[in-house]
Amino acid sequence: MSGQRITNDHCFKCDCLSNKTVEYFSAFYSEESGNDVLMVVLKLKEVDLYQRFFLDAALGFWEEWNSEDTFYDLDGLRCIDLLKENDLLNKKVSSIICTGSFEGFSSITFKFEQVNLLLKFSESNDFESDVVLIKL
């Protein structure tokens, strides 16, 4: 598999993705709960690799994967097409920022022109709770 973890931390910014054009954007949900977001996958026209984002153990994660391996561990999961659902095709990324601290769980904010989405733990004091994606 060709992929790499860019970062996993309480806080990080994806400045190199700003002002890039959205080509693909989907969320993959756990089959058990149907609401638990396991992975968010983003593809930008100007970047060859797919961007993968998720939350785990109160931290945010950002990975880059090639097209052949991006979805290797996502088979069988329920996929929601965020591109169509939020009319994001050809929209620009304003920012992608993970915020958190040792005292508070991380969350990841995706900002695209007029659409803002937040990936966060459903329970602010339980990092084993479902991860949800909400429109701000």
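No experiment lies behind these values; they were computed from the predicted model shown.
A 4.5 Å side-chain heavy-atom check between Leu17 and Leu44 finds at least one atom pair inside the cut-off. Looking at heavy atoms from C-beta onward, Lys91 lies out of side-chain contact with Thr21 at the 4.5 angstrom threshold. Side-chain contact between Thr109 and Ile96 is absent, with no heavy-atom pair separated by less than 4.5 Å.
A continuous path of ILVMFWY side-chain contacts below 4.5 Å connects Ile80 to Leu42, so both sit in one hydrophobic cluster.
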List the atom pairs, with distances to 0.1 Å, where a side-chain N or O of residues 6-15 and a protein N or O form a donor-acceptor pair under 3.5 Å, not counting sequence neighbours.
residue	atom	partner	partner atom	Å
His10	ND1	Ser101	O	3.1

Taking only distance into account, with no hydrogens and no angle test, what donor-acceptor pairs under 3.5 Å do side-chain atoms of residues 111-119 form with protein atoms, sequence neighbours excluded?
residue	atom	partner	partner atom	Å
Glu113	OE2	Lys92	N	2.8

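With sequence neighbours excluded, the residues that form a side-chain hydrogen bond (donor to acceptor under 3.5 Å, both in side chains) with Tyr24 are Ser26. The side-chain hydrogen bond (donor to acceptor under 3.5 Å, both in side chains) search around Lys45 returns Asn90, not counting sequence neighbours. In terms of the side-chain hydrogen bond (donor to acceptor under 3.5 Å, both in side chains) criterion, Thr70 has no residue partners (sequence neighbours excluded). Taking Phe105 as the reference, Ala58, Phe121, Phe127 meet the side chain to side chain contact (heavy atoms under 4.5 Å, CB included) condition, with sequence neighbours excluded. Take Glu128 and apply the salt bridge (charged side-chain N to carboxylate O under 4.0 Å, His left out) test, not counting sequence neighbours, and it matches no residue. With sequence neighbours excluded, no residue satisfies salt bridge (charged side-chain N to carboxylate O under 4.0 Å, His left out) with Asp81.
Of all the heavy atoms in Asn35 and Val132, the pair that sits closest is O-CG1, 4.2 Å. Closest approach of Ser106 and Cys98 over heavy atoms only: CB-SG, 3.7 Å.
Here the straight-line distance linking atom CG of Leu133 with atom CG of Asn86 works out to 8.0 Å at 0.5 Å rounding.
Taking the six-membered ring for Trp and the full ring otherwise, the centers of Tyr72 and Trp65 sit less than 6.0 Å from each other.
Side-chain contact, Glu63 with Gln51: no donor N or O sits under 3.5 Å from an acceptor N or O.
Each of Phe61, Trp62, Phe28 was scored for a ring-ring contact (aromatic ring centres under 6.0 Å, His included) with Phe54, with one residue passing: Phe61.
Between Asp73 and Arg52, at least one side-chain nitrogen of the basic residue sits less than 4.0 Å from a carboxylate oxygen of the acidic one, meeting the salt-bridge criterion.
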